[in-house]
Amino acid sequence: MTPKLTGPVRVRFAPSPTGYLHVGGARTAIYNQLLVQSLGGAFILRIEDTDRERSDEAMTQQIITAMEWLGVSVDEGPFLQSERLPRHREQAEKLLAAGLAYRDFRTPDEIEEVRRRAHAEGVTLRSLTAEVEPSEAERRVAAGEPSVVRFRMPATEIVVHDLVRGDVSFPPEVHEDFVILRADGSPTYHLSVVCDDIDMGVSLVLRGEDHLSNTPKHIALFEALGATLPDFGHLPLILGADKKRLSKRTGATSVEEFRDQGVLPQALYNYLVLLGWSPGDDREVMARDEIVAAFSADRLGSSASVFDVDKLAWMNTQYMVNLDVQQFLPEVTPFLRAVGLEDHAGTERMNAALELHRVRSANLVELAEQVGIYFGDEVTWDEKLSRKYASKDDQLVAHLEALAQRFAASDFSVEALDRALRDLAEEEELKAGVLIHPTRMALSGSKAGPPLFDLVSLMGRERTAERLAAYGRYLQDLPPIVD
RNA sequence: GGCCCCAUCGUCUAGGGGUCAGGACACCGCCCUUUCAAGGCGGCGACACGGGUUCGAAUCCCGUUGGGGCUACCA
C-alpha cells in the first residue's frame, strides 16, 4: 500500500555539488519544503560531495545561494557528506563484522569480464558473485591484497511503497551485491545516503525518479543497519523540448541561468511547482501561501513533463505586472546596472518607467533595455519607417516643430499633452496618428511602446524638445531615394 | 540485452467506469486601442495502438509501440 503521509516529516534535499542548481533539483527541493510547510517537520540540506574530484566549496555555496534566491530556505544544514565519511566506514565495518557484507578481491578487469558475460547471457550479476571465506579474506587483507566490500543483497522480493507511484516491486534475481567500500576504503554513494538518512532521522525520502531503481538497495541497507524505513517518493524527471532529459543543449537548465535571463524568483517557483503538481482546480498563478495551503503529496504527478520556456515567460510577465514595483526592484537592479542605469534605480522616474514598461516585457533583461530610452542620450531612428511617416504628411517637419512648441507651452501632464497634439491635428486637418507615430519614433526610436502621452510626460520637457528637434533635422536630411 | 517507471490537445494539466473530455501556455480571429503589450471574447486542437472486463471504458486488466530511468570501486 502507498503510505499515507502524516506530519510532521523530516525530509531532505541532497544535491551533489555540480556548480549550479538544476531546475529538476530545485523542484525537488521546493516539493520537499512544501511538505514541511504543510505538514510540519524539518527540511534538511545535505551536500553529497563524496566524489571529491567534483566537489568544491564554491559549488556548494552556489547551490545555497540559488535556493535562497528561489525562496527555498532550509531548516537544518547544509551538512557535508564528505565530513561524515568516517561514520560511513564505521557502519560498513559493522556490516562486514555481522556477515551482512563481504570482501571481494576480484580486480576491476575481472568484474568487467563477469559483467560482460552476464550481459551477453541476459543474466543478472548476483548469481555470479564470488565470495571467499572470512578467514581467508582476513589473511588476504593482512597480506595487503586490495579488495572492496560488497553488501549482500537479500534474495527476496523487495517492494517500494512509493508515494507517487504506488507499489513497485523488484524480483530477487535483480538484486546485485553492490560495493559499499571502495578499495581505498572510501564509502560509496548508496552507503553514505542511507547512513546519513538514518542519522539525520529522515522520515521521507522524496527525490528524482532516477533513484527509483536504487531504492531496493537502500531499503536493504536500512534493514541491515537496523533502522526503520522512511517513506519514499520518486518524482518524474523534467524533459527538454526534445523530450529528452533536460540538458544544456536544449537551453537553460539551471536556476542561475533563468535568474540571469531576467526571470523573477516568484515566477520560476510558481512555474516549477506546476510542473508535476496541480491544485486540482484551475488556479495557476498562485501566491506562495496559497500554494502551501493547497499542496499535498497525493496530487503529485507521475509522468515526466517537458519544460516549456514560453509558459515560463508568460508566468514571469504575470509576476512582473502584478507585483509592486518596489517588490521586484532588488531583482531589476542588477539588470539596470548591466545597461548602465544603476544610478537611477529606486528613483521616482525609474519607478514610473518600470511601471510603464513591465507589462510589455517578458523578462527583466527586456525591461531594463526598454527603460533606457528615458535616461540615455542615444536614440536611433528607423529610416524606412521615417520615410513612411513623412509620406503621410508633407508638412511633417513643420508640424513636429509646432507640436514641440505646444508641448513646451503645456504643463506636461498626460492630459495636456494629449490635448495639445489633438488640437494641432484638428487645426491642421490631420489624423492624430499622423503626428503620434513620428513623435513616438522621435522620442523612443521605436514604433511600439507605451501610450504616447505617458511616454512624452515621462520623457520630460528637455529631452522631448531635444529629440523632436533632432528628429526634424534628421527627416530633413534624409537622402533622396535613388532607384 | 535485463530490470523498473511513464503514456489525455504541440506543451503543462483536470478528469480514476456514464463529462458536449475542462483549464492554462503557444497559435489564429475579433473586441479594446495612437502603436506594442496587457486584458476580454471566440476558434483550432488530445484520451498512442490492439485486445479483453463491463449494459457502458480516457478511466480497470493484458499485450504492443513509444519515451525515460537504472544496470559503476559516479552521485
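This structure is a prediction, so every number in the text was calculated from the model and none was measured. Here is the naming used below: chain letters follow the sequence lines, and residue numbers restart at 1 for every chain.
Atom CG of N214(A) is separated from atom P of G69(B) by 14 Å (rounded to the nearest Å). To the nearest angstrom, P of C73(B) lies 16 Å from CZ of F151(A). In this structure, the NZ atom of K311(A) is 13 Å from the P atom of U11(B), given to the nearest Å. If you take CG of L239(A) and P of A7(B), they are 13 Å apart, rounded to a whole angstrom. The nearest whole Å value for the distance from the CG atom in D418(A) to the P atom in U33(B) is 13 Å. One can place CG of N270(A) at 13 Å from C1' of C25(B), the figure rounded to the nearest angstrom.
When side chains are defined from C-beta on, I63(A) does not count as touching Y20(A), because their heavy atoms never get closer than 4.5 Å.
In this model, no side-chain donor or acceptor of R115(A) finds a partner on the base of U71(B) within 3.5 Å. Judged by distance alone with a 3.5 Å cut-off, a donor-acceptor contact links the side chain of R360(A) to the base of C36(B).
Nucleotide C30(B) forms a pair with G40(B), judged by Watson-Crick or G-U wobble geometry with both contacts under 3.5 Å. Judged by Watson-Crick or G-U wobble contacts below 3.5 Å, the nucleotide G10(B) has C25(B) as its partner.
In this structure, of U11(B), C4(B), C73(B), it is C4(B) that holds the atom nearest to the side chain of V168(A). Of all nucleotides listed (C73(B), A75(B), C25(B)), C25(B) comes nearest to the side chain of D310(A).
At a cut-off of 3.5 Å, with distance as the only test, a side-chain donor of D184(A) or S186(A) sits close to an acceptor on the other residue.
Geometrically, R152(A) does not engage Y102(A) in a cation-pi contact defined by less than 6.0 Å to the ring centre and at most 45° from the axis. Judged by the 6.0 Å distance and 45° axis criteria, R46(A) is not positioned over the aromatic ring of F79(A).
Along RNA chain B, the nucleotide closest to K244(A) and the one closest to L452(A) are compared, and the more 5′ of them pairs with L452(A). Between T317(A) and L181(A), the residue whose closest nucleotide on RNA chain B is further toward the 5' end is T317(A).
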Under a 4.0 Å heavy-atom criterion, the protein footprint on nucleotides 41-47 of chain B, written with B, S and -, is -------
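Classified by interplanar angle (parallel below 30°, tilted 30° to 60°, perpendicular above 60°), the ring pair F178(A)/H190(A) is perpendicular.
Between W277(A) and Y31(A), the distance from one ring center to the other does not fall under 6.0 angstrom. Two rings, from Y189(A) and H211(A), have their centers less than 6.0 Å apart.
Comparing the P positions of G16(B) and G22(B) gives a spacing of 14 Å, expressed to the nearest Å.
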